[in-house]
Amino acid sequence: MEIDGRTRICGLIGNPVEHTLSPLIHNTLAQRFGHNLVYVPFPVERGRIVEAIAGASALRLLGLNVTVPYKGDVIPCLQEVDPLAASIGAVNTLVAVPGGFKGYNTDMDGLYRAMMAEHIQIADEEIILLGAGGASRAVAYLCAVKGAKKVYLLNRTLEKAQKVAEEVNSSSGREVIFPVALAEFDSLPDRKFLAIQGTSVGLAPHVEDVVIADEKFYARIHTGFDLIYSPWETRFMKLVKANGGRACNGLKMLLYQGIIAYELWNGVEVSEEAADMVYERLKAYFL
Ligand code: ATR
């Protein structure tokens, strides 16, 4: 791509940002659409997020993605926050508006689109969700608003699961999240579930770690979706497969959160064919 006087800039702010795959997603899309746009990582030092957003606005960046640890901290720096992002309490995409940026959360729609692409249904499903951190809280909210029948929120610390359940049930207006202590998984109804792994347990380099190691748990899972994509196959996924279930990693979630951000920045719709092309490029990093 030729950089010239009209090139627009998008990027990622976070700390660290060195291992991000987002430039690959957005620069591939820009090339495919013929958009005069480049996407670059911007490491932002702790305590300098306010300056970073003011600077990005002054430089008229087209948009930004936001990653750890700024997904919550960035909110007070914005002109406007999309209601979904406000309910989740986390913003991962900023779109330029007069005077600053509007914040969105494309992680959850990204997960939803990834699940649709894998033909995994949320509506009317009974779901097990592992973990009660920021990512799981957002997944719980997604499940609630997309019509899950029941979500058993399993967490090592029961109090945290109770807190997330209360918050999500109240903000979604449905009694759908049921907190359960991890050690009590045997008390779940005797049936097969969709299970979503929403913790960072098992993330490289700790690839042998898993939230629940007991094989009995995996006999209850028909499909396991891990939000992690590095390693390509987590121990959670291996255990699901070894017990007859289907397993997916989080790479398509990464892909679609990026695609939705790209769509917001450029006012275009990314076709499934273009999505597949980007996915193949992403996959090449792992296989
Ligand atoms: P976030 O999504 O906010 O980034 P995270 O740090 O990736 O959060 O994951 C936090 C979640 O992983 C929590 O649910 C945590 O359980 P506790 O609430 O009991 O701390 C869970 N978690 C982390 N390490 C764990 C482990 N070794 N076994 C079980 N759960 C664990």
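In listed order, ligands and their atoms are each counted from 1. Because only heavy atoms are used, hydrogens play no part in the values below, and waters and symmetry mates are left out as well, while side chains stay in.
The backbone N or O of Ile212 sits less than 3.5 Å from a side-chain atom of Tyr218, completing a donor-acceptor pair. Listed for the Tyr229 side chain is no donor-acceptor partner under 3.5 Å among the backbone atoms of Phe286.
Taking CG of Leu254 as the reference point, atom OG1 of Thr20 lies at 7.0 Å (rounded to 0.5 Å).
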Identify every side-chain donor-acceptor pair in residues 128-136 under 3.5 Å, counting partners at least two apart or on other chains, and give the distances.
from	atom 1	to	atom 2	distance (Å)
Ser136	OG	Leu130	O	3.1
Ser136	OG	Gly131	O	3.1
Ser136	OG	Gly198	O	3.2

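Using the six-membered ring where Trp is involved, Phe33 and Tyr262 have ring planes that are parallel, under 30° apart on the 30 and 60° scheme. Using a 30° and 60° split on the angle between ring planes, Trp265 and His26 fall in the tilted class, from 30° to 60°.
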Where does ligand 1 get N/O contacts under 3.5 Å from the protein, atom by atom?
from	atom 1	to	atom 2	distance (Å)
ligand 1	2 (O)	Gly134	N	3.2
ligand 1	2 (O)	Ala135	N	2.9
ligand 1	3 (O)	Gly134	N	2.6
ligand 1	7 (O)	Ser200	N	3.3
ligand 1	7 (O)	Ser200	OG	2.8
ligand 1	14 (O)	Ala132	N	2.8
ligand 1	14 (O)	Asn155	OD1	2.6
ligand 1	16 (O)	Asn155	OD1	3.3
ligand 1	18 (O)	Asn155	ND2	2.8
ligand 1	18 (O)	Lys160	NZ	2.9
ligand 1	19 (O)	Arg156	NE	3.1
ligand 1	19 (O)	Thr157	N	3.0
ligand 1	19 (O)	Thr157	OG1	2.4
ligand 1	20 (O)	Arg156	NH2	2.8
ligand 1	20 (O)	Lys160	NZ	3.3
ligand 1	27 (N)	Arg156	NH1	3.4

